[in-house]
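See below for the structure under consideration.
Just so you know, these numbers use all the heavy atoms, side chains as well, and skip hydrogens, waters and symmetry mates. From a predicted model like this one, the values you see are computed outputs, not experimental measurements.
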Amino acid sequence: MRTLMLVLLAGLAGCGDVKTDWACGTEGSPPPQVTVMRVLECWSEEEGGKPRCGLGAGLPISSEGIITYKHDLPPNVMHVYVEGEAAPVLDRGSEDADWDDWVYVRFQSAPDQIPMLDPNVQLRPGERVAMVGFPVHGIPKDRLKEWQDIPPRTIYGRIVSKPFWLGIPDEVVFIKPDEGALKGMSGGPAMVLRDNKWVVFGVMVGKVRQDILNGFFSSKLFYARRIPEHLLQK
């Protein structure tokens with residue numbers, strides 16, 4: 001098992017041109033410290049079928065529990081892999097709601113340091129947020145097998161108002177990244193500054209395309225699901 005990464009997200013200034021260097025990505029000044037872990041989800045649509053896998057991130061919300069993305073993980077799949085180690089699924093979001101896209105897993109080697117969590121923190125449109133994970137967009141295909149060696153990165157964005165045409169609950173927060181794609185960031189923390197400290201309010205779980213005037217203007221909005229409060233009592 002690879003050693004868990006308690007990542008000090010500082011000192012990335014030497015990465016070179018962040019617009020072209022895949023090992024750096026596009027990030028501003030990162031939060032001083034955050035714990036993220038690599039998560040791999042694999043399953044087959046049918047017995048004996050070709051396995052389907054997703055790569056992303058997860059974050060500890062207790063000494064033994066990690067929240068991460070769910071996406072299309074079937075209900076009968078009862079474990080994922082965290083840092084290469086099987087982690088049993090203890091709880092998950094609703095199968096009937098796309099936005100309720102999370103699983104909670106047990107990982108005995110979770111770090112003792114838990115980030116500052118507040119799923120009820122108030123957010124303002126235009127407010128800057130930080131997202132941390134392992135984005136793989138733009139990485140050469142021959143390097144994807146080295147995913148375990150890809151460094152975590154911080155991508156910044158801003159809170160945007162919810163599109164009026166989407167009937168979504170308050171648990172969903174929409175974010176427009178300043179720059180860069182977020183593939184591989186699923187399951188990572190979404191954070192906001194409060195009193196000069198980064199507070200985790202949610203987990204990155206998806207995207208939606210916003211089209212205006214029959215597609216003449218369009219943009220991708222990413223969204224985070226606020227951390228379910230009942231998980232913080234576990």
Side-chain angles (χ1 to χ4, degrees), residues 1-7 9 22-25 34-93 95 98-111 113-115 131-155 180-190 200 202-207 222-225 227-228 231:
M1 186 193 78
R2 298 181 64 88
T3 302
L4 283 179
M5 298 190 67
L6 183 60
V7 183
L9 289 173
W22 72 266
C24 295
V34 65
T35 304
V36 288
M37 282 157 281
R38 295 173 176 83
V39 176
L40 174 67
E41 296 182 357
C42 289
W43 68 95
S44 297
E45 298 293 345
E46 56 186 27
E47 187 175 353
K50 185 178 180 180
R52 177 178 177 182
C53 293
L55 304 174
L59 70 145
I61 58 175
S62 72
S63 60
E64 295 184 351
I66 294 169
I67 190 170
T68 184
Y69 69 100
K70 174 167 63 74
H71 291 358
D72 300 321
L73 191 70
N76 63 325
V77 176
M78 297 306 297
H79 72 272
V80 300
Y81 296 93
V82 179
E83 295 291 338
E85 184 176 322
V89 174
L90 303 181
D91 200 352
R92 66 175 73 206
E95 301 296 332
D98 291 340
W99 55 265
D100 206 22
D101 189 356
W102 58 271
V103 292
Y104 176 74
V105 303
R106 177 183 291 121
F107 191 49
Q108 300 293 348
S109 301
Q113 178 174 330
I114 308 301
M131 300 152 283
V132 182
F134 304 93
V136 297
H137 180 78
I139 297 177
K141 290 184 178 180
D142 64 341
R143 302 295 294 271
L144 281 176
K145 61 184 179 182
E146 301 173 11
W147 180 64
Q148 288 281 7
D149 297 322
I150 295 173
R153 285 174 274 173
T154 303
I155 294 179
L182 300 189
K183 184 178 180 181
M185 300 285 283
S186 295
V200 176
V203 56
M204 299 302 300
V205 293
K207 65 183 177 182
F222 293 83
Y223 60 94
R225 201 281 189 204
I227 296 174
L231 296 181

statement: Exactly one candidate in Val36, Val39, Leu55 meets side-chain contact (heavy atoms from CB on, under 4.5 Å) with Phe134; the answer is Val36

- prompt: Going from CZ on Phe222 to CE on Met131, what distance comes out if it is rounded to the nearest 0.5 angstrom?
  reply: 8.5 Å

field: Any donor-acceptor pair under 3.5 Å from Ser186 side chain to Val205 backbone
entry: no

query: Any idea which heavy atoms bring Gly65 and Tyr104 closest together, and the distance?
result: CA-OH, 3.5 Å

field: Rounded distance [0.5 Å steps], CD1 in Ile66 versus CG in Leu231
entry: 12.5 Å

query: Which pair of heavy atoms, one from Pro115 and one from Pro60, lies closest together, and at what distance?
result: CD-O, 3.3 Å

query: Short question: side chain of Glu41, backbone of Cys53 - any donor-acceptor pair under 3.5 Å?
result: no

- prompt: Which atom names give the shortest non-hydrogen contact between Met204 and Ala224, and what distance separates them?
  reply: SD-CB, 3.9 Å

Nearest atoms (heavy-atom pairs only) where Ile114 meets Ser63: CD1-N, 4.1 Å

field: Heavy atoms from other residues, nucleotides or ligands near CZ of Arg92 exceed 12 (cutoff 6.0 Å)
entry: yes

- request: For the residue pair Thr68 and Val203, establish whether any side-chain heavy-atom pair is separated by less than 4.5 Å.
  value: no

message: Quick check: do Val80 and Leu40 have side-chain heavy atoms less than 4.5 Å from each other?
response: no

For the student: nearest non-hydrogen atoms of Leu59 and Gly188, plus distance: CD2-C, 4.2 Å

- request: Please examine the side chains of Trp43 and Asn76, heavy atoms only from C-beta on, and report whether any two atoms are closer than 4.5 Å.
  value: no

query: Atom CZ in Arg52, atom OG in Ser44: separation rounded to 0.5 Å?
result: 11.0 Å

query: Is there side-chain contact between Met185 and Arg153, with at least one heavy-atom pair below 4.5 Å?
result: no

Straight-line distance of Leu90 CG to His79 NE2, nearest 0.5 Å: 13.5 Å

field: Trp102 and Asp100: side chain donor to acceptor below 3.5 Å
entry: yes

query: Can you list every pair that meets ring-ring contact (aromatic ring centres under 6.0 Å, His included) and has a residue in residues 54-75, with sequence neighbours left out?
result: Tyr69-His71

query: Do Val77 and Val89 have side chains that get closer than 4.5 Å, going by heavy atoms?
result: no

message: I need the minimum non-hydrogen distance between Tyr223 and Trp99, along with the two atoms involved.
response: CE1-CA, 4.0 Å

